[in-house]
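What follows is one structure encoded as structure tokens, with my remarks underneath.
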Amino acid sequence: MSVHQPLLDGSQKAFLACYLENLSLVERLHRLLLDVIKDEFERLQILEINPVQALLLFNIGENEVTAGELKSRGYYQGSNVSYNLKKLVDLGYMHHQRSEIDRRSVRVKLTEKGRRVRSHLAGLFARHAEAIERRALVGLNGMDEINVALKRMERFWTEQIRYIY
């Protein structure tokens, strides 16, 4: 069985090329963010958690959530959320407590140790924002436009998962 590629005109080819570049950039930026966090944590001698776990702590913040809520709220996209939550609880970065209503459900929240890690990341991100603004790499309007475009892509991809497949 052969797969037929649709014939694309010049503007469609250009749009597809830009879309593929967007996909590559999103993926590359995520990996770079993890590398930046790794470097910062090595500098701070925080070596027992990885950048994905640190971002998980950052995104949870002061909330108390279940593993399912982490994915539904967009805090965590990885397939090994249970592993990372267990590791963070075992290392003292998070508290966990079984739900009184549904004993299968576990709610987690940050400990003081977890809040310190979150604070380090918040400081790192604040320094980045200040440097980007100071160097005029992207202005406030540009940041807003990027956010609007990324949210549109998020909605589109979410629709593809929910309605197409």
Side-chain angles (χ1 to χ4, degrees), residues 17-99 104-158 160-161:
C18 285
Y19 177 66
L20 294 175
E21 184 178 6
N22 289 165
L23 295 177
S24 178
L25 281 168
V26 166
E27 190 176 3
R28 217 168 43 235
L29 286 170
H30 179 67
R31 283 194 309 269
L32 278 170
L33 174 61
L34 295 177
D35 287 344
V36 166
I37 293 168
K38 180 180 181 284
D39 287 350
E40 177 73 0
F41 277 29
E42 286 174 356
R43 188 183 66 73
L44 295 170
Q45 297 294 300
I46 301 172
L47 306 174
E48 64 186 358
I49 63 172
N50 65 42
V52 170
Q53 293 162 341
L55 270 178
L56 185 56
L57 294 172
F58 180 80
N59 288 326
I60 290 171
E62 294 302 316
N63 298 310
E64 184 175 300
V65 296
T66 65
E69 289 170 336
L70 290 174
K71 288 191 90 173
S72 68
R73 292 183 187 185
Y75 293 158
Y76 189 81
Q77 301 301 319
S79 61
N80 53 359
V81 65
S82 296
Y83 166 81
N84 282 317
L85 288 177
K86 182 179 182 334
K87 179 96 171 168
L88 291 167
V89 167
D90 290 347
L91 292 170
Y93 291 94
M94 300 182 88
H95 292 293
H96 74 289
Q97 180 177 357
R98 291 227 174 261
S99 170
R104 297 169 296 169
S105 178
V106 175
R107 299 197 68 75
V108 294
K109 66 180 180 177
L110 303 187
T111 62
E112 181 55 37
K113 187 177 180 182
R115 285 192 293 277
R116 282 195 303 273
V117 167
R118 186 182 193 286
S119 179
H120 286 303
L121 274 181
L124 175 67
F125 296 156
R127 290 192 310 273
H128 287 172
E130 192 258 320
I132 290 168
E133 186 176 31
R134 184 180 65 247
R135 293 169 59 184
L137 297 176
V138 180
L140 179 59
N141 288 341
M143 283 289 187
D144 192 47
E145 289 173 9
I146 291 168
N147 287 338
V148 167
L150 289 172
K151 286 175 185 175
R152 286 180 182 153
M153 293 303 299
E154 179 183 35
R155 277 193 304 274
F156 173 77
W157 287 341
T158 299
Q160 300 311 298
I161 294 166

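Owing to the predicted nature of the structure, the values given are computational and were not obtained by experimental measurement.
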#### Entry: Test log, rule side-chain contact (heavy atoms from CB on, under 4.5 Å), inputs Val138 and Ile146
CA-CA 10 Å; Val138 180; Ile146 291 168; 4.2 Å; yes
### Task
Decide yes or no on side-chain contact (heavy atoms from CB on, under 4.5 Å) for Leu70 and Leu56, but give the supporting numbers first.
CA-CA 9 Å; Leu70 290 174; Leu56 185 56; 3.9 Å; yes
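Between the Asp144 side chain and the Leu140 main chain, no donor and acceptor come within less than 3.5 Å of each other. Between the side chain of Asn63 and the main chain of Ile60, a donor-acceptor pair closer than 3.5 Å is present. The backbone N or O of Leu110 lies less than 3.5 Å from a partner atom in the side chain of Arg115, making a donor-acceptor pair. With Thr111 contributing its side chain and Gly92 its backbone, the two residues share a donor-acceptor pair below 3.5 Å.
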Per-pair distances, 0.1 Å, donor-acceptor, side chain in residues 28-45, under 3.5 Å, sequence neighbours excluded:
from: Arg28; atom 1: NH1; to: Ser24; atom 2: OG; distance (Å): 3.2
from: Arg31; atom 1: NH1; to: Glu27; atom 2: OE2; distance (Å): 3.3
from: Lys38; atom 1: NZ; to: Glu42; atom 2: OE2; distance (Å): 2.7
from: Glu40; atom 1: OE1; to: Arg43; atom 2: NE; distance (Å): 3.3
from: Glu40; atom 1: OE1; to: Arg43; atom 2: NH2; distance (Å): 3.4
from: Glu40; atom 1: OE2; to: Arg43; atom 2: NH2; distance (Å): 2.8
from: Glu40; atom 1: OE2; to: Arg127; atom 2: NH2; distance (Å): 2.9
from: Gln45; atom 1: NE2; to: Glu42; atom 2: O; distance (Å): 3.1

Just list the side-chain donor-acceptor pairs under 3.5 Å for residues 128-137, sequence neighbours left out, or say none.
from: Glu130; atom 1: OE1; to: Arg134; atom 2: NH1; distance (Å): 2.9
from: Glu130; atom 1: OE2; to: Arg134; atom 2: NH1; distance (Å): 2.6

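The distance from atom CG of Leu23 to atom SG of Cys18, rounded to the nearest 0.5 Å, is 11.5 Å. To the nearest 0.5 Å, atoms NZ (Lys151) and OG1 (Thr158) are separated by 13.0 Å. We find the CZ-CG distance between Arg118 and Leu55 to be 11.0 Å, quoted to the nearest 0.5 Å. We find the NE2-CD distance between His95 and Glu112 to be 9.0 Å, quoted to the nearest 0.5 Å.
The closest side-chain heavy-atom distance from Leu57 to Ile49 is below 4.5 Å. Taking 4.5 Å as the limit, every side-chain heavy atom of His96 sits out of range of all side-chain heavy atoms of Leu85.
By the salt bridge (Lys or Arg N to Asp or Glu O under 4.0 Å) test, Glu62 is found to be paired with no residue, residues two or more places apart in sequence or in another chain being considered. Every residue two or more places apart in sequence or in another chain that forms a salt bridge (Lys or Arg N to Asp or Glu O under 4.0 Å) with Lys86 is listed here: Asp90. In this view, Phe125 and Phe58 satisfy the ring pair (Phe, Tyr, Trp, His ring centres under 6.0 Å) rule, not counting sequence neighbours.
Applying the side-chain hydrogen bond (donor to acceptor under 3.5 Å, both in side chains) test to residues at least two apart or on different chains, the pairs with a partner in residues 46-57 are Glu48-Tyr93, Glu48-Lys113, Gln53-Asn84.
More than 12 heavy atoms of other residues, nucleotides or ligands shown are found within 6.0 angstrom of NE2 on His120. Residue Gln97 qualifies as open at atom CD: its count of foreign heavy atoms under 6.0 Å is 12 or below.
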